2 protein chains.
Amino acid sequence: MQKNKNGIEKGVLLPRPSSNETQFFDEEWSDEDFKNIIRKLNLKVTPQRMIILNCLHKNRKHITAQELFEKVQKLNEDIGFATVYRFLKDLALGHAVTEVRMGGMPARYELTPKKHHDHMTCTECGRIVEFQNKSIEQHQEKVAEQFGFKLTHHVLELYGICPSCQTHE
Amino acid sequence: MQKNKNGIEKGVLLPRPSSNETQFFDEEWSDEDFKNIIRKLNLKVTPQRMIILNCLHKNRKHITAQELFEKVQKLNEDIGFATVYRFLKDLALGHAVTEVRMGGMPARYELTPKKHHDHMTCTECGRIVEFQNKSIEQHQEKVAEQFGFKLTHHVLELYGICPSCQTHE
DNA sequence: TTTGCAAATGATAATCATTCTCATTAAATT
DNA sequence: AATTTAATGAGAATGATTATCATTTGCAAA
C-alpha cells in the first residue's frame with residue numbers, strides 16, 4: 001500500500017450505498033477467522049453468530065444494530081433481533097467490534113480491523129476517511145508512559161470539512 | 001503550568017466524590033462567560049440557563065443529564081428536567097459542552113474547556129487523566145491536510161491500565 | 001415603561017434503542 | 001447418545017431522550 005511523506009496510508013475507495021465518496025480500507029475475513037473470534041470470547045459457534053459476523057463484514061461499515069438485523073433476516077428469517085443485539089454487545093466487550101456513538105443516534109458497529117485505523121469525518125456530508133498514522137500512535141505511547149499507564153486501545157476521531165464541501169459552499 | 005520533555009502539561013489534582021485519584025485541569029468561569037456562551041448560540045439568557053451552566057461548572061466533570069438535573073433542582077425547585085435536557089442538547093450542538101457516550105450508559109457532559117485537552121481513562125478503576133499534547137495535534141493537522149480536510153475538532157480518548165491498577169493486580 | 005411577540009419553560013406523553021425474562025432449543029464434551 | 005450448559009427467540013420492560021402544548025418570560029421597539 002502506498003505511503004506518503006507523512007507516514008499516512010491511503011485507504012482504497014469502495015462502493016457505498018450513499019452518494020458520498022468514502023475511503024475505506026478493505027480486508028479479507030474467512031469463516032475460520034470468525035470462528036476464532038467467537039471462541040476467543042468463550043462463546044459457542046452457532047449458525048446465527050456466523051451469519052451475523054458475515055453480514056457485519058459484507059455490508060456497509062458503521063452499521064446500526066437495527067440495520068444489521070434486517071440484513072441478517074434476509075439470510076435467515078428465524079434469527080431474532082435480541083440475538084443480534086446480544087452478540088454485538090459481547091463482541092464489543094471483547095473489542096471484536098468497535099462501537100461508535102454520535103449524538104442521540106443508535107450505536108454503529110464495525111468489525112475491529114486487523115490493521116488499526118482511525119476516522120476523519122466530514123461534518124457537512126458525512127463522508128468518512130480512514131487513515132493510519134504511526135507518529136500519532138508513538139506520541140500516544142509517550143503520553144501513557146508519562147503518566148505510567150499501560151495503553152490498551154484508543155479512539156481518535158477527526159472532524160472537519162472535506163474538500164468537496166469546502167468548494168461547493 | 002509545568003511542562004515536561006514530551007510537551008505534556010500535567011493537570012492539577014482536584015478533589016472528587018469517588019476514591020479514585022483523578023487529574024483535572026481547573027478553569028475559571030464567570031457569569032459573563034456563561035452569558036456569552038448562551039448568546040453565541042443565539043439563545044436568550046434566562047435564570048434557568050445560568051443555573052444550569054453554573055452547576056455544570058461547579059460540580060463533578062462528566063456529569064449525566066439526570067445528575068445535573070438533581071443538582072439544579074437543589075438551587076431552584078421549579079426547573080423542569082426537559083429544560084435541562086433541551087439546553088444540554090443546544091450546548092452540545094454548538095460545542096459549548098462536550099458529550100461523551102460509553103456503552104449503553106447515559107451521555108455525560110462537561111463544559112468544553114477554554115484550553116483543549118484529551119482524556120486517558122483507566123479501564124480498571126475509571127480514573128481519568130486529562131492531558132494536552134501539541135505534537136499529536138500537529139500530526140492531526142498533517143493528516144487533515146493530506147486529505148484536503150479543514151479540521152474543526154477532534155475526539156481522542158486513550159484507554160489503559162493506570163499505575164496503581166498495574167500494581168494492585 | 002409598556003407592549004408585542006418570538007422564544008423558553010414545565011409537565012407530561014411519546015418514542016425508541018437497548019436490556020431483560022423465560023420457556024425452548026442446540027452446542028460441545030464425555 | 002446422554003448430559004450439561006449456553007444460546008435462542010418472542011415479547012415485555014426499562015430508561016434515556018425527544019416531542020407536544022399550554023403558559024410564561026425575555027427583550028427589543030415604540
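From a predicted model like this one, the values you see are computed outputs, not experimental measurements.
- A close approach under 4.0 Å does occur between a side-chain nitrogen or oxygen of Tyr85(B) and OP1 or OP2 of dT17(D).
- Rounding to whole angstrom units, CD of residue Gln66(A) and C1' of dT19(C) are separated by 15 Å.
- In this structure, Thr46(A) reaches the dT8(D) phosphate: one of its side-chain N or O atoms is under 4.0 Å from OP1 or OP2.
- The separation between Asp78(B) atom CG and dT23(D) atom P is 18 Å, rounded to whole Å.
- Close to dT9(C), at under 4.0 Å from its OP1 or OP2, lies a side-chain N or O of Arg49(B).
- Here Arg39(B) does not reach the OP1 or OP2 of dG26(D): none of its side-chain N or O atoms lies under 4.0 Å away.
- OP1 or OP2 of dT9(C) has not a single side-chain nitrogen or oxygen of Arg86(B) nearer than 4.0 Å.
- Distance, Lys44(B) NZ to dA6(C) P: 9 Å, rounded to whole Å.
- Across all strands shown, Phe87(B) has no heavy atoms under 4.0 Å from either base or sugar-phosphate atoms.
- Between Gln48(B) and the phosphate of dG10(C), there is a side-chain N or O to OP1/OP2 separation shorter than 4.0 Å.
- Rounded to whole angstrom, the span from the CD atom of Glu77(B) across to the C1' atom of dT9(C) amounts to 15 Å.
- Here dA17(C) presents its C1' atom at 15 Å from CG of Leu68(A), a figure rounded to the nearest Å.
- Ring pair His154(B)/His116(B): centre-to-centre distance below 6.0 Å.
- Surrounding NZ of Lys40(A) are at most 12 heavy atoms belonging to other residues, nucleotides or ligands under 6.0 Å away.
- Atom CG in Leu88(A) sits roughly 15 Å away from atom C1' in dT8(D) (whole-Å rounding).
- Of the possible donor and acceptor atoms, one in the side chain of Gln166(A) sits under 3.5 Å from a partner among the backbone N and O of Gly148(B).
- Residues Pro47(B) and Phe81(B) both approach DNA chain C. Their nearest nucleotides, taken by heavy-atom distance, put Pro47(B) toward the 5′ side.
- Judged by closest nucleotide on DNA chain D, Ala82(B) is the one of Val45(B) and Ala82(B) placed further toward the 5' end.
- For the pair Glu110(B) and Arg108(B), the salt-bridge criterion is not met [side-chain N within less than 4.0 Å of a carboxylate O].
- Atom C1' of nucleotide dG9(D) and atom CD1 of Ile79(A) are separated by 11 Å, given to the nearest angstrom.
- Atom CZ in Arg108(A) sits about 11 Å away from atom P in dT18(C), given to the nearest Å.
- Applying the ring pair (Phe, Tyr, Trp, His ring centres under 6.0 Å) criterion to His119(B), with sequence neighbours excluded, gives His62(B), His117(B).
- The side chain of Thr83(A) contributes no N or O atom lying less than 4.0 Å from OP1 or OP2 of dT8(D).
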